[in-house]
**Student:** 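Sharing a structure, written as structure tokens. Questions coming.
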Amino acid sequence: MARFKSRAPNELVFSLFAFIIVAISVHAVYVTVIRPNAAAVLAEQRAAMKKDPNYVAQRSMYVVLKDWEQVPCVILPLWGFAIIGYKA
């Protein structure tokens, strides 16, 4: 009797490890790059606002991405790309 070999366990293991690797990588980028730069930009803008009340703060990608809500919005697409790459 021929046995049917399922790819499901391999896909599950790949998917789990891909998620773990992506989550750790994104967290590392946030801790080392995004949050420190966002804090520096915000401090610079605060100082400029104290100096000049008419100062208009410019948007920075660091400030937009710094909050916790954006972390899953970065992790999930990268994880999806990894799964799509595996299936391709």
Side-chain angles (χ1 to χ4, degrees):
M1 180 182 243
R3 291 189 177 195
F4 178 72
K5 189 172 182 178
S6 175
R7 286 181 32 188
N10 292 339
E11 290 179 14
L12 176 65
V13 170
F14 175 82
S15 180
L16 288 175
F17 279 114
F19 179 75
I20 290 168
I21 290 168
V22 167
I24 290 171
S25 301
V26 169
H27 180 69
V29 169
Y30 264 78
V31 169
T32 59
V33 177
I34 293 176
R35 290 200 180 105
N37 285 333
V41 167
L42 289 173
E44 179 184 317
Q45 289 177 351
R46 247 183 248 116
M49 283 182 202
K50 284 183 181 178
K51 228 183 222 185
D52 180 17
N54 295 327
Y55 175 78
V56 177
Q58 298 296 316
R59 288 190 178 189
S60 169
M61 283 307 293
Y62 295 120
V63 175
V64 172
L65 290 174
K66 75 173 174 59
D67 293 323
W68 290 100
E69 293 86 5
Q70 281 72 27
V71 175
C73 293
V74 174
I75 290 174
L76 292 177
L78 293 175
W79 183 35
F81 291 145
I83 293 171
I84 290 170
Y86 176 77
K87 296 216 180 223

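We count residues from 1, following the sequence as given. Values in this document were obtained by computation on a predicted structure and should not be read as measured data.
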**Student:** Is I84 reachable from L78 through a run of hydrophobic residues whose side-chain heavy atoms are each under 4.5 Å from the next?
**Tutor:** no
**Student:** Side-chain heavy atoms under 4.5 angstrom apart, residues restricted to Ile, Leu, Val, Met, Phe, Trp, Tyr: same cluster for I20 and V22?
**Tutor:** no
**Student:** Indicate if L76 and I24 have the same hydrophobic cluster label, given that clusters are the connected sets of ILVMFWY residues with side-chain heavy-atom separations under 4.5 angstrom.
**Tutor:** no
**Student:** Test: ring-ring contact (aromatic ring centres under 6.0 Å, His included). Region: residues 11-61. Which pairs qualify, not counting sequence neighbours?
**Tutor:** F14-Y86, F19-W79
**Student:** With L42, which residues qualify under side-chain contact (heavy atoms from CB on, under 4.5 Å), at least two apart?
**Tutor:** Q45, R46, V63, K66
**Student:** From the options V71, V26, V29, select the one residue that forms a side chain to side chain contact (heavy atoms under 4.5 Å, CB included) with I34.
**Tutor:** V29
**Student:** Please report the shortest heavy-atom distance between P72 and P77, naming the atom on each side.
**Tutor:** O-CD, 4.0 Å
**Student:** Can you give me the closest heavy-atom contact between I75 and A23, atom names plus distance?
**Tutor:** CD1-CA, 3.9 Å
**Student:** Measuring from L16:CG to I21:CD1, what's the distance to the nearest 0.5 Å?
**Tutor:** 11.0 Å
**Student:** Same cluster or not: are V56 and V64 linked, directly or through other Ile, Leu, Val, Met, Phe, Trp or Tyr residues, by side-chain heavy atoms under 4.5 angstrom apart?
**Tutor:** no
**Student:** Give a yes or no answer on whether the side chain of S15 reaches the backbone of E11 with a donor-acceptor pair at less than 3.5 Å.
**Tutor:** no
**Student:** Tell me whether I83 shares a hydrophobic cluster with V13, the cluster being built from Ile, Leu, Val, Met, Phe, Trp, Tyr side chains joined at under 4.5 Å.
**Tutor:** no
**Student:** May I ask you to check whether over 12 heavy atoms, not counting those of E44, lie within 6.0 Å of atom CD?
**Tutor:** no
